[in-house]
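Atom set for the values below is all heavy atoms of this structure, side chains included, hydrogens, waters and symmetry mates excluded. Note that this is a predicted model, so its numbers are computed, not measured. A, B, ... follow the sequence lines: proteins, then strands. Residue 1 opens every chain.
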Amino acid sequence: MATSSQPVRVRFAPSPTGHLHLGGARTALYDYLLARQTGGQFILRIEDSDRRRFVPGAEEEIYASLRWLGIDWDEGPDVGGDYGPYRQSERKEIYQQYADQLIESGHAFTCFCTPERLDLVRSEQQRRKEPPHYDGTCRNLSADEVKPRVAAGERHVIRFKMPQEGTTTVTDLLRGEITVENRTLDDYILVRSDGLALYHLAAAVDDHLMKITHVIRGSEWLPSLPLHSLIHRTFGWQEPVWVHLSVFLKPSGKGKMSKRESAELIQDGHSIFVKDLEKLGYLPEAVVNWTALMGWSYDDHTEVFTLPDLVEKFSLEKLNPSPAAINFTKLDHFNGLHIRALPLDELVQRMKPFFIEKGYQPDDATLAKIAPIVQERLQGMDDAPELAGFFFKPDVQPDAAELVIKDLTSAESAELAKKILAILESLPDLKPETAEPPMRELVEQSGLKAGQVFGLMRIAITAQRVSPPLFESMEIIGKDKVLARMRRAVGLLEAM
RNA sequence: GCCCCCAUUGUCUAGUGGCCCAGGACGUGGCCCUCUCAAGGCCAAAACAGGGGUUCGAAUCCCCUUGGGGGCACCA
């Protein structure tokens, strides 16, 4: 594994403009895995050079989402590091210095064109069905022309002087060599009129200064890769290894996730935002396992991985460049798998907030008894209150009609309930091994089916059609409450 | 419109010229187990986008077509 044997320095560079989504989470995960695997460093860099798009709290939410997934970083705005500052808004002077250097070497130029004029140029080009691009008005202004205008405070930007002939070939680890005609490239703006560098320059400078060895990012950056590569080359810097990950498509496989579809997903109990996933009942272990496998595989049959497994087994070579449709059904499957793999005491602690959220007051002792009988029945942690909330209710309110058992009249059901009650009353305790044999005997004698007898008990005792196993549940609830609930059922049936 | 990327069952994928009349997983259908629901076990249906090459031989290499995706901002 040539690409992962040397310690890497990788960075995840989100802009604080919104929630961390699944695509970002996967990129961060791969960064983290590679850093941990090679004994390198994972750097978090906040790309907030556009102040207008800044969303208060977004940065903190990104931290929280990453930590929830189990991803930590070695350098970043919050933890510091030797290559800071780690927020681009705090690095303005650094970028300016490199921009000046490009101007001096003739690889960039000062441009005084107004946005209004450029809009006009662009729409004119589009009308002629030409690709929109800068028309080169300021490209060859001499230093003598530029200096006085800048000194006079005229608004200007700095543009990269793109070669107008020849081709540029860049290597992406997953796709090999990518060659583009330079004439299809533009004189991109490097520094805005407010003096702040745009992403293209800022990222290149930061990646160089921070000694980034591998740039792992979404494939939406592929079209600007030649520019980024050219910036590195122009400065004479060694390029990082470029790795452009496939994009995530919406579940139908048709197009990227839109805002409207994200809202619909939430209705369905799904979300592409990491911050929503915990409340929706997902385990971070499941989310990590699932996202790791979207665009990466280990072999032809292994697919259950913990984070440490992934640190050991991840490899860039097994990355898949084709777009992947998000499949939440598979996330549900992984969630069930990881819930079942949880140690019981861990399951207890993770279930607790979900009961509290629904207004229950769960105690650890009861939770510990419930854990083993609900574990294999949970698809999401949020299913716990619905399945096992009755354990924390002082009383339950079964619907009388529900107590009437299939193929029996209400009178016959009442009769059966009385027999059940009598047997339960006669028992010394309600351990499954104590209670189940006499109830099975009752089934035999009555000529009814086990489902009929146990079904009546289930409704009477839990007020649910679906519950954890009956006898285990009865023992946890306790004999007094069980008897009280059976008596009430008898009363309800007799009153019908 | 222009540029770039991608292309194996509904979905995620294995597959780097013969081991493939294509393997695993989710989902779907059926059966078994069963006090409900799950979990578990077994079985089944389901794919190499199309067309040209190259080769003794192609899912694998090349070309074209088609389809899908991304990008064309003083956003990242």
Given the [atom1] atoms of [N] and [M], what is the spacing between them in whole Å?
| N | M | atom1 | result |
| --- | --- | --- | --- |
| B:rC72 | B:rU55 | P | 44 Å |
| B:rC61 | B:rG18 | P | 12 Å |
| B:rG70 | B:rA45 | P | 36 Å |
| B:rU54 | B:rU60 | C1' | 13 Å |
| B:rC20 | B:rC6 | P | 28 Å |
| B:rU36 | B:rG23 | C1' | 37 Å |
| B:rA38 | B:rG27 | P | 12 Å |
| B:rC32 | B:rG67 | C1' | 43 Å |

When you check the side-chain N and O atoms of A:H338 and A:Y282, is any donor under 3.5 Å from an acceptor?
no
Less than 4.0 angstrom between a side-chain N/O of [X] and OP1 or OP2 of [N], yes or no?
| X | N | result |
| --- | --- | --- |
| A:N327 | B:rA25 | no |
| A:H301 | B:rG24 | no |
| A:K318 | B:rG15 | yes |
| A:S297 | B:rA14 | yes |

Aromatic contact between [X] and [Y], with the criterion being ring centroids under 6.0 Å apart: yes or no?
| X | Y | result |
| --- | --- | --- |
| A:W73 | A:Y86 | no |
| A:Y199 | A:H228 | yes |
| A:F454 | A:F471 | yes |

Round to the nearest Å and state the distance from [X] atom [atom1] to [N] atom [atom2].
| X | N | atom1 | atom2 | answer |
| --- | --- | --- | --- | --- |
| A:D172 | B:rC6 | CG | C1' | 12 Å |
| A:E317 | B:rU16 | CD | P | 15 Å |
| A:F248 | B:rU13 | CZ | P | 8 Å |
| A:N335 | B:rG27 | CG | P | 13 Å |
| A:L378 | B:rA39 | CG | P | 11 Å |
| A:E130 | B:rC3 | CD | P | 13 Å |
| A:N289 | B:rU13 | CG | C1' | 14 Å |
| A:K330 | B:rG24 | NZ | P | 13 Å |

Protein proximity profile, nucleotides 70-76 of chain B - base contact B, sugar-phosphate-only contact S, no contact -, cut-off 4.0 Å on heavy atoms
BSSSBBB
How would nucleotides 30-37 of chain B be written as a contact map, 5' to 3', with B for base contact, S for sugar-phosphate-only contact and - for no contact, using protein heavy atoms under 4.0 Å?
-----BBB
Paired with [N]: which nucleotide, if any, by Watson-Crick or G-U wobble criteria at under 3.5 Å for both distances?
| N | answer |
| --- | --- |
| B:rA73 | none |
| B:rA25 | B:rU11 |
| B:rC19 | none |

Carboxylate-amine/guanidinium proximity below 4.0 Å for [X] and [Y]:
| X | Y | value |
| --- | --- | --- |
| A:K313 | A:D299 | no |
| A:D399 | A:R465 | no |
| A:R128 | A:E130 | yes |

On RNA chain B, more 5' by nearest nucleotide between A:L185 and A:G295 is A:L185
5' priority, RNA chain B, between A:R340 and A:E177 [closest heavy atom]
A:E177
Touch class at under 4.0 angstrom, heavy-atom based, for A:G336 against every strand present:
nothing
Hey, does A:K406 reach any base, or is it just sugar-phosphate, or nothing, if we go heavy atoms under 4.0 Å?
nothing
Could you check A:H232, A:R45, A:H214 and say which one makes a side-chain hydrogen bond (donor to acceptor under 3.5 Å, both in side chains) with A:D207?
A:R45
Kindly say whether A:G380 contributes a backbone atom to a donor-acceptor pair with the side chain of A:D332 at under 3.5 angstrom?
no
Output every pair passing salt bridge (Lys or Arg N to Asp or Glu O under 4.0 Å) with a member in residues 179-193 of chain A, not counting sequence neighbours, ordered by first then second residue.
A:R139-A:D187, A:R192-A:D194
When A:I405, A:I420, A:L470 are each screened for side-chain contact (heavy atoms from CB on, under 4.5 Å) with A:V453, the one that passes is A:I420
Which one, B:rG15, B:rA38, B:rC6, comes nearest to the side chain of A:E376?
B:rA38
side-chain hydrogen bond (donor to acceptor under 3.5 Å, both in side chains) between A:T110 and A:R149: does it pass, once the steps are laid out?
CA-CA 10 Å; A:T110 307; A:R149 294 175 71 175; over 6 Å; no
